[in-house]
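First the structure, in the form of structure tokens, and then the observations on it.
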Amino acid sequence: MTIFKAFLQILNRNKIILILYSVILIFFAIFNTQNSDIATNFESVKPDLHIINHDTEQGITGSLVKYLGEQNNIVELAEDAESVDDALFYRKVNYVVEIPGNFRADFLAGKNPEITTRSTGDYNANLAEMSLTRYLELAKAYRLVDDETGMLADLEKTLATDVEVELARQNPVNGLERAVFYYNFLNYPMLAGGIFMICLMLLSFREQKVARRIMVSSTSPARVNRILMLANGLFMLWLWLIYVMVSFVIDFHAMLSVPGLWLVLNSGVFTICVTALAFLLANLVNNRGAMNGIVNVVALGSSFLCGAFVPLEWLPDAVRNFAHVLPSYWYIDANEKIGQAEEFSWSNLAPILANIAVVLGFSILFVILTNLLKYARRREI
Amino acid sequence: MKHKKNSTAKLNVLEVTHLTKNYREQKAVDDLSFAVSEGEILGLLGPNGSGKSTTINCILALLKYQQGEIRIFGEPMTPASYDLKRKIGVIFQEVAVFDELSVYDNIDFFCGLYITDAAERKAKVEKALQLVGLTKYRKYLPKQLSGGLLRRLNIACGIAHEPELIFLDEPTVAVDPQSRRRILDNIKKLRDQGATIVYTSHYMEEVEELCDRIIILDHGKIIASGTTAELKQLVKDRSVKQVVGPTLNDVFLELTGRELRD
Ligand SMILES: Nc1ncnc2c1ncn2[C@@H]1O[C@H](COP(=O)(O)OP(=O)(O)O)[C@@H](O)[C@H]1O
Ligand SMILES: [Mg+2]
């Protein structure tokens, strides 16, 4: 079919644009990989902690020391003030906890004995402090309802489930997180490449002069249009498959997992949405200059606003709230949710599916708008 | 030669009766009637804005019109007359090709809108390349061609499927003399191959050289029609002052009181 052939030739002449967008994506994906490899080291995430324990009793004191030991790397130091100072200064430890001599007795008596702490103030020190605070707050809560034995049993149970969460949260700077980054970033090349190509194709074929030639020919314009739609659809499918394949090449194991496959599905639905949006925009622009402008505004704009390049949490609330009106937001948010879900139970899946449904909703909206626009145009003539 | 035969015995390839087309208030074509018989080259001559392109676009069912009837090969022409359209070739005033496609691929694409069989199409595209003399340039992109070559590509795209009825709307506007010569020769070749041709222009010399019959249009109306000789005779009869043989421009001046190319 010569229409397909012409489509492929136009695609071929403009392939450099697609290659450029893809190279940016792959470059950042690999760049990000190296970054996260450093953080992947689990040991380095565990804070270094030194405990000075003046309480000779066990019970709650022993339990606290044991818990802190599980959550942190315990570093032994000489018991003089100077070596503690040095250790903090040289970051041999991130956090120092000093338990007073009467801790158990006072705590059980309902008082809140002061635990002295010193910190390097960095991220690891905060992690260590979090483990201490969590233990103490929980202990205070259970103290109200139980004696020491019951309290310790409850604490142990609660903290044991807590530990898993904690590990899961510290651990995941792994393939999956990288995959989430890749699929978030995909927002940009997918939008830019998709809108550029579809607009270019439709502009080329609908350009007044060429369109007139098609209209006087013995092929019906409706048929040419159908073939063009099909060709554009196949092109988007191809583009999506290429990007999915690249993600598998970058990290096969992370992708061949339940969350990995959810990422693929999510991006597939997003691709449908991009296709619908591109058809709408192609009906709005009527020259190549406007087309290039729109590609940049839509692809770059939504990538910045919706957290494709930097995490959403870094963006101001106003920006994040505004981003809700863009399909990219829901796509990227779904990626994040997939990355954070520990298991794919219904309660975890529901919000992800809700996001995917919103993206599908946007697609339907775009299709309706495109048809309304065409209808309005036809009536104008 | 075909066109010298008695035209009344022949089938009318194109029949336009009482065609009227308004753009809102303005009359672009005003109650136009004419017929073109097989193998003939009909010239539509008129200054810019006289309604030549509008007439062609109405005939091709690209424009809706208020009144009139158009028959091609005896059948009414509508936007969905695909069997009729297969026999028609059109070369518009503006060059209409794909920037991204080579000379060959452009002709192949437009020919492909009429002819689906690949082998048949290949032969026709080669023939068209040869006719307009672009065989050497088959791999060139449109932007690498000069204005004259581009015009020839434009013609090749319109006639590669070997239509029986060809419309050319001012194909020589802004073309250098050599290319114009070449284009006129191409049109004669098409006529010799048996095509019926409707040719519009505002250059009287071209129409005089090329056309069997001429219709002079002004403000969407026919102000005179006939062979070149008949038109010149018309002026001679009306104006006794004429000493030297009149040109078509004199005809136009005589009938409207102004120059053709104003
Ligand atoms: N799309 C249009 N809308 C309104 N008026 C038009 C349009 N196209 C042509 N016209 C007018 O119709 C008349 C005939 O134009 P046209 O057929 O293009 O003349 P020609 O081809 O002989 O130069 C002109 O007066 C022109 O201004
Ligand atoms: Mg014109």
Side-chain angles (χ1 to χ4, degrees), chain A residues 1-19 196-228 230-232 235 282 285-292 377-381, chain B residues 23 53 56-64 72 77-102 104-118 121-122 125 141-143 154 157-161 163 165-167 169:
Chain A
M1 196 66 217
T2 47
I3 297 171
F4 261 116
K5 194 175 148 205
F7 184 97
L8 289 178
Q9 280 161 338
I10 296 174
L11 183 67
N12 188 40
R13 293 247 180 245
N14 291 283
K15 62 177 181 281
I16 188 70
I17 302 270
L18 282 184
I19 292 172
F196 177 83
M197 272 304 160
I198 291 183
C199 283
L200 180 74
M201 291 299 169
L202 295 191
L203 274 185
S204 305
F205 280 87
R206 285 183 188 161
E207 202 199 350
Q208 168 77 36
K209 301 174 246 168
V210 171
R212 240 180 2 177
R213 271 223 151 111
I214 293 172
M215 282 204 285
V216 299
S217 80
S218 60
T219 305
S220 83
R223 185 180 148 79
V224 176
N225 238 359
R226 274 200 303 276
I227 295 173
L228 266 185
L230 180 66
N232 278 313
F235 161 72
V285 299
N286 48 18
N287 64 68
R288 293 192 183 191
M291 177 185 89
N292 287 325
R377 292 252 168 91
R378 209 167 301 148
R379 296 203 14 163
E380 262 173 35
I381 300 169
Chain B
Y23 289 110
S53 297
I56 301 260
N57 288 338
C58 287
I59 293 173
L60 294 169
L62 286 172
L63 286 175
K64 289 198 178 106
I72 297 179
M77 177 71 176
T78 68
S81 306
Y82 297 116
D83 287 335
L84 282 184
K85 287 181 177 181
R86 195 178 303 277
K87 301 188 210 166
I88 301 173
V90 188
I91 291 110
F92 289 106
Q93 203 166 329
E94 306 96 357
V95 174
V97 294
F98 287 97
D99 299 335
E100 280 93 351
L101 268 53
S102 69
Y104 183 94
D105 291 329
N106 259 304
I107 304 175
D108 189 46
F109 173 81
F110 289 109
C111 190
L113 294 172
Y114 299 86
I115 288 157
T116 43
D117 182 76
R121 195 170 63 237
K122 192 168 187 301
V125 174
L141 288 177
K143 64 164 184 273
N154 196 39
C157 289
I159 52 89
H161 60 289
L165 173 60
I166 302 171
F167 294 89
D169 193 1

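Reminder, nothing fancy here: chain letters follow the sequence lines and each chain counts from 1. Note that these values count all heavy atoms, side chains included, but never hydrogens, waters or copies made by symmetry.
Of the residues considered (B/T116, B/D108, B/D99, B/L84), B/D108 shows the highest number of contacts with chain A, using heavy-atom pairs under 4.5 Å. For the set A/K5, A/R213, A/M215, A/E207, the count of heavy-atom pairs under 4.5 angstrom toward chain B peaks at A/R213. Contacts with chain A were tallied for B/L141, B/D83, B/I88; B/L141 has the most, counting heavy-atom pairs under 4.5 Å. Among B/D105, B/V95, B/I91, B/V90, the residue with the largest count of heavy-atom pairs under 4.5 Å with chain A is B/D105. Counting heavy-atom pairs closer than 4.5 Å to chain A, the top residue among B/V97, B/N57, B/L101, B/N106 is B/L101.
Contact check for B/F110 versus A/S217: no side-chain heavy atoms found under the 4.5 Å cut-off. Side chains of B/F92 and B/F167 form no contact here, defined as non-hydrogen atoms less than 4.5 Å apart.
In this structure, no portion of A/R223 lies under 4.5 Å from any heavy atom of chain B. Neither the backbone nor the side chain of B/C111 comes within less than 4.5 Å of any heavy atom in chain A. For B/N154, the parts lying under 4.5 angstrom from a heavy atom of chain A are both the backbone and the side chain. Heavy atoms closer than 4.5 Å to chain B are found in the side chain of A/N14, but not in its backbone.
In this structure, the side chain of B/K85 does not engage the main chain of B/A80 through any donor-acceptor pair within 3.5 Å.
Residue-level contacts of residues 196-203 of chain A with chain B, in order of numbering, are A/L200; threshold 4.5 Å between heavy atoms.
Remark: A/I227 CD1 to A/T219 OG1 distance equals 7.5 Å, nearest 0.5 Å. To the nearest 0.5 Å, atom CZ of residue A/F4 and atom CG of residue A/L228 are 9.0 Å apart. In this structure, B/L63 CG and B/I56 CD1 are separated by 11.5 Å, a value rounded to the nearest 0.5 Å. A distance of 7.0 Å separates CD1 of B/I115 from NE2 of B/H161, quoted to the nearest 0.5 Å. Taking CG of A/L230 as the start and CZ of A/F7 as the end, the distance is 9.5 Å to the nearest 0.5 Å.
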Determine, step by step, whether A/L11 and A/L18 satisfy the side chain to side chain contact (heavy atoms under 4.5 Å, CB included) criterion, reporting the C-alpha distance in whole Å, the side-chain angles of both residues, the deciding distance to 0.1 Å, and the verdict.
-> CA-CA 9 Å; A/L11 183 67; A/L18 282 184; 4.2 Å; yes
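Between the side chains of A/R13 and B/S102, no donor-acceptor pair is found at a separation under 3.5 Å.
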